[in-house]
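If you read the sequence from its start, that first residue is 1, and numbering goes on from there.
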Amino acid sequence: MTATRAEYCVVACAEVWRGAGEILASPMGTVPGIGARLAKATFSPGLLLTDGEAMLVGAEPGVVEGWLPYRRHLALVTGGRRHVMMGAAQLDRHGNQNISCIGDWKQPLRQLLGVRGAPVNTLNHPTSYWIPRHTRRVFVERVDMVCGVGYDRAAAAGPSATRYHHIHRVVTDLAVLDFETPDRTMRLRSLHPGVGVDQVREATGFPLAVPDEVPYTREPTPEELRLIRDVLDPRGARHREVRA
């Protein structure tokens with residue numbers, strides 16, 4: 001079976017939680033949500049997923065596994081036992097994220113979501129990002145306002161900020177990126193099939209670390225494709241978020 005770009009993105013998001021153990025997975029967005037459920041249904045069965053309120057749910061729709069009251073949710077959030085996958089209006093080479101505004105925060109050109117929980121997320125447990133449109137408008141030299149904290153700012157703040165700080169992956173519609181470089185700046189980890197290194201560089205507004213050899217993002221297995229298409233997303237919502 002031939003996989004679509006959206007299905008490669010689902011698998012790349014699922015891989016974010018490989019080997020995570022019994023932690024709370026908090027995917028934000030359609031493709032990350034399918035990815036987290038795919039991970040739980042296959043190689044990371046210990047993941048905890050919520051319905052967004054107080055129930056722990058299974059990978060398949062309608063399955064309730066337990067109860068997670070708000071006080072216990074906060075304990076997971078602040079103790080490193082959660083891995084969130086957020087979006088970003090802007091993201092720089094150090095992993096600083098902006099979801100608040102475009103332009104000077106004193107008089108922004110565009111008002112967005114606001115800072116919300118991004119600082120707490122990035123400083124208290126692992127964080128990854130999902131970017132459905134990899135463009136220079138998102139991947140910028142300097143974010144207009146820091147919401148999610150990047151490696152440079154966490155290091156400058158000291159041990160209290162770096163204890164749980166870990167930006168694990170950035171998954172886009174073109175590639176997978178990480179920060180596994182000596183100076184903790186963004187690196188190209190894998191390319192989705194049909195995408196070239198020059199295409200990713202052109203869509204990124206800062207110099208990107210690129211290894212001599214860049215592998216392709218792994219292909220979904222036949223069983224993963226069956227789960228994605230027949231169980232987790234039979235209506236094809238993934239293709240409305242990734243159209244390539």
Distance, nearest 0.5 Å, that separates [atom1] of [X] from [atom2] of [Y]:
{"X": "Met85", "Y": "Cys13", "atom1": "CE", "atom2": "SG", "answer": "3.5 Å"}
{"X": "Phe139", "Y": "Arg93", "atom1": "CZ", "atom2": "CZ", "answer": "13.0 Å"}
{"X": "His134", "Y": "Leu174", "atom1": "NE2", "atom2": "CG", "answer": "6.0 Å"}

Would you kindly confirm whether [X] and [Y] end up in one hydrophobic cluster when ILVMFWY residues are joined by side chain heavy atoms under 4.5 Å apart?
{"X": "Phe179", "Y": "Leu177", "value": "yes"}
{"X": "Val171", "Y": "Met86", "value": "no"}
{"X": "Leu123", "Y": "Leu91", "value": "no"}
{"X": "Ile131", "Y": "Val84", "value": "yes"}
{"X": "Val195", "Y": "Val210", "value": "yes"}

Side-chain donor-acceptor pair present, [X], [Y], cut-off under 3.5 Å:
{"X": "Trp130", "Y": "Glu241", "value": "yes"}
{"X": "His83", "Y": "Ser128", "value": "yes"}
{"X": "Arg238", "Y": "Thr30", "value": "no"}
{"X": "Arg142", "Y": "Asn96", "value": "no"}
{"X": "Asn98", "Y": "Ser100", "value": "no"}
{"X": "Thr127", "Y": "His168", "value": "no"}

Quiz item: Of the non-hydrogen atoms in Tyr129 and Ala88, which two are nearest, and what is the gap between them?
Solution: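 Shortest heavy-atom separation between Tyr129 and Ala88 comes out as CD2-CB, 4.4 Å.
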Self-check item: Residue pair Tyr151 / Ile167: nearest heavy atoms and the distance that separates them
Solution: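 Taking Tyr151 first and Ile167 second, the nearest heavy atoms are OH-N, 3.1 Å.
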Quiz prompt | Sidechain-backbone polar pair: Arg5 side chain, Val242 backbone, donor-acceptor under 3.5 Å | solution =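 It does not hold such a pair.
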Practice problem: Linking directly or through intermediates, with side-chain heavy atoms under 4.5 Å: list the remaining ILVMFWY members grouped with Leu109, chain and number order. | Solution: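 Listed partners: none, Leu109 stands alone.
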Does [X] reach the side chain of [Y], with side-chain heavy atoms less than 4.5 Å apart?
{"X": "Val115", "Y": "Ile99", "answer": "no"}
{"X": "Arg136", "Y": "Glu202", "answer": "yes"}
{"X": "Tyr8", "Y": "Val10", "answer": "no"}

Can you list, pair by pair, the side-chain donor-acceptor contacts under 3.5 Å of residues 38-51, counting residues two or more places apart and other chains?
residue : atom : partner : partner atom : Å
Lys40   : NZ   : Pro45   : O            : 3.2
Lys40   : NZ   : Leu47   : O            : 2.7
Lys40   : NZ   : Glu65   : OE1          : 3.2
Thr42   : OG1  : Leu38   : O            : 2.6
Ser44   : OG   : Trp17   : O            : 2.8
Thr50   : OG1  : Gly52   : N            : 3.1
Asp51   : OD1  : Glu53   : N            : 2.8
Asp51   : OD1  : Ala54   : N            : 3.3
Asp51   : OD1  : Met55   : N            : 3.2

Practice problem: Can you tell me which residue pairs pass the side chain to side chain donor-acceptor pair (under 3.5 Å) test with a partner in residues 189-198, sequence neighbours excluded? | Solution: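 The answer is Asp178-Arg189, Glu180-Arg189, Ser190-Thr217, His192-Thr217.
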Self-check item: Carboxylate-amine/guanidinium contact Glu224 Arg218, below 4.0 Å
Solution: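 Salt bridge between Glu224 and Arg218, a charged N being under 4.0 Å from a carboxylate O: yes.
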